[in-house]
Amino acid sequence: MSINNNPFFQKNINFDEAIPFDIIKADHFVPAIKEAIKLAKIYIEEISYSSEAPTFENTVLALENSSEYLEIVASTYYHLFSAEGDKKIEELSQEISPMMSEFSSDIYLNESLFDRIEEIKNRNKNLSKEDSRLVHVYYRRFVRNGAGLEEKGKESLRKIDTDLSSLSPQFSTNLRKAINKYELWIKNKKDLKGLPERAIDTAKEEAKSKGKKDAWLFTLQFPSMIPILQFADNRKIRENISKAFAVKCVKDSFDNSDLIKKIVSLRHKRAKILGYKNYAEYVLEERMAGDASKVYELLDKLYDKAYPVASNEIAELKTFAQAEDKVEDFMSWDYSYYSEKLKKMLFEFDEEKLRPYFKSENVVNGVFEVANKLYGISFEKIKDIPKWHPDVETYKALDSEGNYLGLLYADLYPRATKKGGAWMNELRSYGLSGDKINKPHICFTCNLTKSTKTQPSLLSFSEVETVFHEFGHCLHGLLSEVKYKTIGGTSVFWDFVELPSQIMENWVLEEEALNLFAKHYETGEKIPKDLISKLKSSRNFMTGNTCLRQLQFGYLDMAYHDSVVDIPDIEVFEDVVLGKTRLLPKVDGGTTSCSFAHIFAGGYAAGYYSYKWAEVLEADAFSKFKKDGIFNKETAKSFRENILSKGNLENPMELFKKFRGREPQVEPLLERDGLLKPAKNAK
């Protein structure tokens with residue numbers, strides 16, 4: 001296939017050079033990446049061996065712009081790997097990821113290039129703030145990727161990075177396949193007792209899609225599984241799906257155990273080669289936390305508050321289940337079911353009654369409206385942008401004067417070719433390209449409850465929070481004003497990146513915001529005040545356990561990356577690490593690790609604590625919005641100018657202090673989540 005016929009190397013006539021998903025095929029990627037790498041290597045060689053004295057323009061800026069073709073092809077591929085990963089796309093990862101890793105090593109282990117950057121760092125004292133920050137970031141990247149090593153160390157690092165590049169995609173593929181393989185078939189209608197009609201209708205349509213009209217099909221996709229765990233009166237069915245979820249990718253055809261051991265071992269070796277004690281020390285050097293002691297300080301402080309509260313919550317739940325149904329052996333598959341029942345009794349509140357007010361299209365329009373009231377931006381649906389799937393909607397983001405800010409792709413519903421969860425990614429980042437500033441192209445991806453033949457897509461409150469969360473990331477990418485893409489948008493310290501997303505979740509509990517979009521899908525009636533009141537009053541129900549679950553993930557992540565790493569058995573390792581956080585018996589043979597994609601197939605290794613770290617930041621930051629008014633223009637302007645637009649232009653602590661006037665405090669989070677209350681009867 002001639003490279004001239006490859007869509008990535010043809011003239012792009014789409015609006016703002018939007019990626020031509022309509023003509024890109026799996027077969028285009030490898031040739032395009034090979035050609036893009038070849039072109040980038042030519043540019044980099046010219047930079048490295050230039051006879052001119054190194055300057056910011058001929059070295060750092062030239063490097064910043066040297067791989068633009070490759071960035072486009074690679075971002076497109078990895079996006080499709082997650083959002084539309086058919087068999088062909090997935091198989092390509094074993095060829096593409098090592099190529100990308102080798103190219104990255106070629107750059108960061110290039111001694112001549114590093115020498116030029118180091119000279120600029122040491123000599124140029126009169127650079128602008130953005131130029132100076134870009135030099136600093138590139139210099140640190142080179143150092144942290146082995147530029148200062150002897151040749152033997154460089155070769156070892158190169159091999160480790162190549163090996164790691166293929167392991168994470170394997171982990172992700174195994175997880176997606178395991179989720180897709182499991183099917184819970186229900187043939188007797190009485191076994192559906194307790195389930196909302198919406199969940200039953202969805203399961204019926206899933207069954208029909210598999211050619212079975214007289215059955216109901218449930219899967220491990222969250223919109224399908226969660227209603228079973230929350231509402232199914234049939235305890236055996238809850239047990240079956242709960243166990244299946246716990247043991248996926250464990251000692252089956254999609255087993256991730258050996259991949260975990262390899263990944264952790266290679267990360268540890270990589271850190272040691274670079275002179276670090278372990279991988280956590282390597283990672284945390286470039287985080288707000290700074291070192292493991294600060295991470296444990298946060299986790300332990302929250303644990304000390306959350307554990308007694310959580311223990312008391314479980315004791316109350318066990319008592320309730322025993323009184324309701326004489327349950328003597330309370331298990332993990334009983335937790336959500338009896339939590340839901342107890343919440344209804346205590347607060348006279350059925351969370352399912354919220355769904356009619358959260359039609360997914362209204363929620364998306366609502367988050368757009370909240371962004372408009374805060375930052376003056378708007379979103380205009382656009383039809384002629386190529387998409388990777390018919391479900392995708394595309395929008396132009398516009399500022400208050402109608403100026404174009406960037407493209408937004410919204411892909412909201414689950415399918416077999418899409419990995420689970422929700423995420424934001426940048427197909428193209430805001431920043432300089434040649435002599436012009438490229439506008440960002442942002443992807444907004446979820447797996448929300450789908451519509452059925454009888455009902456539109458009606459979201460749970462948790463799903464509404466997910467929409468607002470991921471959209472917060474989108475705003476971070478769309479509102480960047482940093483000149484260079486490497487230090488703009490979401491390219492920030494990992495324990496800071498969740499601040500813009502998590503703070504957005506706060507608006508969905510505010511009546512002033514809910515009234516913008518929470519309307520009954522049939523009558524158009526605004527969400528009743530008493531329903532909002534009940535929602536708020538029930539928000540701290542079981543928050544001890546919610547916090548403890550996040551701490552489990554944080555402790556487990558740190559255990560893998562902050563200690564010597566010889567793990568003969570994943571399940572035994574987990575039992576040791578998580579013993580102090582468990583309040584219910586674990587599923588025999590189940591693990592968290594084997595499906596822990598955040599740290600083994602994502603960017604959260606030695607960083608899962610970031611969610612709790614960022615919760616401290618956002619709870620404190622939102623307390624200012626609460627004080628000033630949730631749509632206060634000056635407060636929103638300050639948040640945009642100091643947080644959303646600044647990327648990695650400054651240390652994030654300095655950015656936070658500019659917005660808040662001081663360093664963050666943990667008390668607003670503890671107070672909001674009800675973790676300052678005494679925990680009676682806790683054991």
Side-chain angles (χ1 to χ4, degrees), residues 284 287-290 293-313 461-462 464-466 468-470 472-473 476 492-510 513 535-555 557-558 581 598 604 607-628 630 635 638-639 642-644 652-653 655-679 682:
L284 292 169
R287 299 291 187 265
M288 287 183 77
S293 67
K294 291 292 186 184
V295 174
Y296 286 118
E297 182 182 324
L298 173 67
L299 296 180
D300 291 345
K301 185 170 186 176
L302 292 173
Y303 174 84
D304 289 343
K305 295 291 185 183
Y307 185 84
V309 175
S311 180
N312 195 56
E313 290 168 350
F461 185 75
S462 175
V464 177
E465 289 181 307
T466 296
F468 273 70
H469 178 104
E470 297 306 332
H473 284 309
H476 202 184
V492 300
F493 283 6
W494 213 257
D495 46 8
F496 189 65
V497 78
E498 295 296 334
L499 167 58
S501 57
Q502 292 186 181
I503 196 171
M504 284 297 292
E505 295 180 37
N506 289 281
W507 271 267
V508 300
L509 273 171
E510 299 295 325
L535 171 64
K536 286 184 174 183
S537 65
S538 68
R539 285 303 287 161
N540 285 340
F541 180 67
M542 305 303 288
T543 48
N545 276 272
T546 302
C547 181
L548 198 61
R549 177 169 169 76
Q550 287 295 93
L551 296 178
Q552 286 179 335
F553 291 134
Y555 281 125
D557 172 33
M558 290 300 290
T581 64
H598 275 76
Y604 282 85
Y608 197 87
Y609 77 92
S610 299
Y611 283 105
K612 299 312 290 185
W613 186 279
E615 275 189 49
V616 171
L617 300 180
E618 58 88 359
D620 197 2
F622 190 69
S623 68
K624 179 168 175 56
F625 276 98
K626 285 284 285 183
K627 178 175 178 289
D628 299 343
I630 65 166
T635 306
S638 176
F639 192 78
N642 292 305
I643 306 294
L644 297 177
M653 184 61 79
L655 295 177
F656 185 89
K657 287 194 294 186
K658 285 181 179 179
F659 170 71
R660 195 65 182 90
R662 55 167 172 72
E663 291 195 356
Q665 298 175 354
V666 72
E667 284 72 24
L669 173 64
L670 296 174
E671 183 178 358
R672 185 186 71 188
D673 287 358
L675 297 179
L676 294 176
K677 62 188 177 185

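The shown structure was predicted, so the numbers you read here are calculated from the model rather than taken from an experiment.
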Check: M542 main-chain N/O paired with T546 side-chain donor or acceptor under 3.5 Å: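 Confirmed, T546 side chain pairs with M542 backbone.
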Looking only at non-hydrogen atoms, find the nearest pair between [X] and [Y] and report the distance.
| X | Y | value |
| --- | --- | --- |
| L644 | P500 | CD2-CB, 3.6 Å |
| V295 | A289 | CG2-CB, 3.9 Å |
| D557 | G607 | OD2-N, 2.8 Å |
| E663 | F656 | C-CE2, 4.1 Å |
| S623 | R660 | OG-NH2, 3.0 Å |
| V666 | K301 | CG1-NZ, 3.4 Å |

Go through the structure and list residues passing salt bridge (charged side-chain N to carboxylate O under 4.0 Å, His left out) with [X], not counting sequence neighbours.
| X | answer |
| --- | --- |
| K658 | E650 |
| R287 | none |
| E618 | R672 |
| K626 | E510 |

Could I get the full list of side-chain hydrogen bond (donor to acceptor under 3.5 Å, both in side chains) partners for [X], not counting sequence neighbours?
| X | value |
| --- | --- |
| E505 | H469 |
| S638 | N642 |
| N545 | E313 |
| S462 | none |

By side chain to side chain contact (heavy atoms under 4.5 Å, CB included) - contacts of S538 (at least two apart):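 S538 satisfies side chain to side chain contact (heavy atoms under 4.5 Å, CB included) with K343, F347, F349 only.
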Pairing residues for P668 by the side chain to side chain contact (heavy atoms under 4.5 Å, CB included) criterion, not counting sequence neighbours: A619, D620, Q665
Plane angle bin for Y555 and Y296 - parallel if under 30°, tilted between 30 and 60°, otherwise perpendicular: parallel
Find the distance between [atom1] ([X]) and [atom2] ([Y]) and round it off to the nearest 0.5 Å.
| X | Y | atom1 | atom2 | answer |
| --- | --- | --- | --- | --- |
| E498 | L617 | CD | CG | 11.0 Å |
| M288 | Y609 | CE | OH | 9.0 Å |
| F622 | E615 | CZ | CD | 14.0 Å |
| F639 | L655 | CZ | CG | 10.5 Å |
| N506 | E465 | CG | CD | 9.0 Å |
| Q550 | L299 | CD | CG | 10.5 Å |

side-chain contact (heavy atoms from CB on, under 4.5 Å) between V492 and H476, worked out: CA-CA 10 Å; V492 300; H476 202 184; 4.0 Å; yes
F659 and L499: CA distance, side-chain angles, deciding distance, side-chain contact (heavy atoms from CB on, under 4.5 Å) verdict: CA-CA 12 Å; F659 170 71; L499 167 58; over 6 Å; no
Greater than 12 external heavy atoms within 6.0 Å of E667's CD: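 More than 12 within 6.0 Å, yes.
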Any side-chain donor near an acceptor of the partner, T581 and Q552, under 3.5 Å: yes
Passing candidate, side-chain contact (heavy atoms from CB on, under 4.5 Å) with L302, options D673, L548, L670: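 For L302, the side-chain contact (heavy atoms from CB on, under 4.5 Å) test succeeds with only one of D673, L548, L670, which is L670.
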Counterpart residues, ring pair (Phe, Tyr, Trp, His ring centres under 6.0 Å), relative to Y604 (two or more places apart): W494, H598, Y611
Partner residues of F553 under the ring pair (Phe, Tyr, Trp, His ring centres under 6.0 Å) criterion, sequence neighbours left out: F596, Y608
side-chain contact (heavy atoms from CB on, under 4.5 Å) between I643 and F496, intermediate numbers included: CA-CA 10 Å; I643 306 294; F496 189 65; 3.8 Å; yes
